[in-house]
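Contents: one structure, followed by commentary.
Order of the sequence lines sets the chain letters (A, B, ...), proteins ahead of strands, with each chain counted from 1.
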Number of protein chains: 2
Amino acid sequence: MSNATSGQSQVAGSADVLTADRVAAALRDDILRGVLKPGARLKDFELAERFDVSRNTLREAVKQLGTAGLVTTRLNAGSAVRRLSEADAREIYIIRRTLELSGVDSLSRAGEAQMLNISAAIEEARRAAAESDWSELSTASLRFHQAVAALNGSARLDAFFANVLAQLRLVNWVMTDEPSFQMQWVDRDKGIADLLLQGNRHEAHIKLSRYLDDSEALIINAIRRSPDGLASASTSS
Amino acid sequence: MSNATSGQSQVAGSADVLTADRVAAALRDDILRGVLKPGARLKDFELAERFDVSRNTLREAVKQLGTAGLVTTRLNAGSAVRRLSEADAREIYIIRRTLELSGVDSLSRAGEAQMLNISAAIEEARRAAAESDWSELSTASLRFHQAVAALNGSARLDAFFANVLAQLRLVNWVMTDEPSFQMQWVDRDKGIADLLLQGNRHEAHIKLSRYLDDSEALIINAIRRSPDGLASASTSS
DNA sequence: TAACTCCTTTTTGCTGAACAATCCTGCTTG
DNA sequence: CAAGCAGGATTGTTCAGCAAAAAGGAGTTA
């Protein structure tokens with residue numbers, strides 16, 4: 001009964017999660033990790049073989065990522081990893097301002113667990129920086145901002161915001177991740193976190209607002225100077 | 001082109017939408033309209049016959065509604081129309097406060113189309129009230145609040161908020177929709193809309209905040225005094 | 001050379017049947 | 001009357017196959 005063979009599927013071992021969900025998670029990981037870069041087509045037969053799942057199941061997984069905003073699908077023309085436009089990036093920063101700043105504003109209603117989440121993310125970032133693990137540091141920073149948005153106190157909002165931040169990571173591979181440059185952001189994260197832990201809602205709001213302005217400018221710039229229509233420029237237009 | 005022969009499926013006619021999406025929309029409509037009440041089980045074989053689609057396709061549609069938060073699924077025990085708990089309702093109102101109030105705050109950045117949306121919703125509510133169409137009036141009110149949240153300026157946020165409001169409608173069937181009582185809310189909607197159209201951001205914020213407090217209290221009350229375990233405690237008794 | 005049309009090859013969207021695992025219901029039994 | 005058990009109902013998943021649409025190439029014409 002060990003489980004590998006058991007579970008309910010005839011072939012793939014599933015602990016107690018739907019197989020499609022498992023595949024979706026793996027696919028999301030590949031996308032976020034940059035194995036599948038924006039614009040890459042997702043042919044379901046190919047991927048079904050790669051993950052050793054039925055074409056039908058993989059299709060469901062892809063659809064999940066579609067509703068998560070990580071892949072786009074044209075009818076009868078298949079799916080591809082989403083390529084974010086400048087407008088998309090702008091929209092994402094609108095959402096970040098709305099949810100993160102609102103989270104700071106409702107700091108007084110925050111529970112202890114939520115504050116702990118914030119300091120945990122900062123601590124993790126500090127450790128990653130010490131070990132020069134730039135990839136981990138980047139995700140720790142995102143986790144901090146997610147914790148800020150979590151101050152709003154809604155799990156649904158958290159899930160939505162996680163999706164949005166995941167979409168933002170689609171742009172990450174465009175950016176030249178200069179370590180020394182990235183350190184600046186971590187320092188500013190820590191500054192905001194300290195203000196929050198002190199309960200200084202007002203200053204935190206201002207500092208976070210500036211942070212988002214600068215971050216957005218950087219990302220927009222990166223998108224503009226990136227090889228834009230690399231894969232899409234074909235087929236005329 | 002009502003149905004049968006066209007489209008790409010052998011059986012069901014699809015204009016240019018995925019069949020699963022079409023079925024999902026129809027199902028959502030049934031749920032929101034109250035044809036399928038909270039707690040109702042969704043047996044896929046049954047529904048597949050009802051919509052004349054394959055069991056596999058219907059399953060995908062149900063899963064979509066699952067991620068939309070309208071149905072819950074227990075592993076190996078099937079899906080059912082979601083029944084909102086008091087905590088769910090509270091969370092929804094947290095989201096409403098976050099997004100609607102933030103929308104009011106960013107009124108200055110709003111475009112003309114967005115303001116037009118607001119007045120259109122109010123106008124529609126007025127018309128529905130004149131015709132005593134209480135169902136349409138209720139949806140018009142929701143459309144107004146959606147327009148307020150749309151002031152934030154993000155399509156993604158709009159889609160998310162639409163989902164949340166749809167979930168809120170799951171509670172609606174619990175409430176005794178006394179017409180005269182519902183009129184009160186429409187009037188308050190109009191009051192807020194007028195302030196917005198005048199550009200009076202501050203007063204609108206205050207009025208909307210009170211509106212949400214009162215509305216939440218009403219809904220929470222309705223949930224508390226509703227026949228709670230109506231469908232789950234049945235089968236015997 | 002460039003562009004247009006036609007045709008073949010993929011690839012997609014959906015179906016229907018199959019099967020193991022699990023849940024549910026009613027019946028038996030103590 | 002409670003506990004337990006069998007059998008049917010239902011779910012999660014896979015597989016093979018078909019029709020329709022898109023992708024891609026060859027050939028023709030300008």
Side-chain angles (χ1 to χ4, degrees), chain A residues 1-24 26 39-66 71-80 231-237, chain B residues 1 3-24 26 39-67 71-80 231-237:
Chain A
M1 53 207 43
S2 62
N3 43 13
T5 60
S6 84
Q8 89 182 91
S9 159
Q10 292 103 310
V11 159
S14 69
D16 53 357
V17 197
L18 267 53
T19 314
D21 292 356
R22 205 166 37 81
V23 175
R41 280 194 56 190
L42 305 174
K43 315 192 198 185
D44 49 10
F45 185 79
E46 206 173 289
L47 288 178
E49 241 184 1
R50 192 143 145 338
F51 284 106
D52 195 34
V53 216
S54 130
R55 195 162 73 89
N56 232 326
T57 302
L58 181 124
R59 184 162 254 284
E60 201 179 310
V62 168
K63 188 142 211 196
Q64 272 184 49
L65 297 187
V71 317
T72 50
T73 303
R74 281 175 308 149
L75 188 68
N76 286 319
S79 315
S232 68
S234 62
T235 70
S236 83
S237 122
Chain B
M1 68 187 37
N3 53 2
T5 61
S6 82
Q8 88 179 97
S9 158
Q10 292 105 306
V11 160
S14 68
D16 51 359
V17 198
L18 265 54
T19 312
D21 291 356
R22 203 167 38 83
V23 175
R41 284 196 54 189
L42 304 174
K43 314 192 200 183
D44 48 10
F45 185 79
E46 204 173 291
L47 288 178
E49 240 185 0
R50 191 142 147 336
F51 285 105
D52 195 33
V53 269
S54 130
R55 194 164 75 91
N56 233 325
T57 302
L58 182 124
R59 181 161 260 280
E60 201 180 310
V62 168
K63 184 142 210 193
Q64 273 184 48
L65 297 187
T67 68
V71 317
T72 50
T73 303
R74 281 178 309 150
L75 191 67
N76 286 319
S79 314
S232 66
S234 72
T235 68
S236 66
S237 124

Rounded to whole Å, please give me the gap between CG in B:N76 and P in D:dA9. 18 Å
note: B:L47, atom CG; D:dT10, atom C1'; distance rounded to Å ~ 13 Å
Rounded to the Å, how far apart are B:E49 CD and D:dT10 P? 12 Å
Could you state the atom-to-atom distance from NZ of B:K43 to P of D:dT10 in whole Å? 5 Å
Rounded off to whole Å, could you give me the CG-to-P distance for the B:D21 and C:dT12 pair? 17 Å
Measure from the side chain of A:R74, starting at C-beta and using heavy atoms only, and say which of C:dG16, D:dA23, C:dA18 lies closest. D:dA23
Mind checking if B:L42 touches a base, just sugar-phosphate, or nothing, with heavy atoms under 4.0 Å? sugar-phosphate
Measure from CG on A:N56 to P on C:dT11 and round the result to the nearest Å. 18 Å
Atom-pair distance (CG on A:L75; C1' on D:dA22), nearest Å: 10 Å
So do the side chains of B:R22 and B:T19 get within less than 4.5 Å of each other, counting heavy atoms only? yes
Think B:R41 has a side-chain N or O under 4.0 angstrom from the OP1 or OP2 of C:dC23? no
Would you say D:dT13 has OP1 or OP2 under 4.0 Å from some side-chain N or O of A:S54? no
Return the CD to CZ distance between B:E46 and B:R41, rounded to the nearest 0.5 Å. 9.5 Å
Side-chain donor or acceptor of B:R55 under 3.5 Å from a matching atom on the base of D:dT10? no
Using whole Å, report how far CG of B:L18 lies from P of C:dT15. 11 Å
CD-CZ distance between A:Q64 and A:R59, expressed to the nearest 0.5 angstrom: 14.0 Å
Full working for salt bridge (charged side-chain N to carboxylate O under 4.0 Å, His left out) between A:K63 and A:D44: CA-CA 11 Å; A:K63 188 142 211 196; A:D44 49 10; over 6 Å; no
Do any side-chain nitrogens or oxygens of B:R59 fall under 4.0 Å of OP1 or OP2 in D:dG12? yes
Spatial distance of atom CG (B:L65) from atom OG1 (B:T72) [nearest 0.5 Å]: 11.5 Å
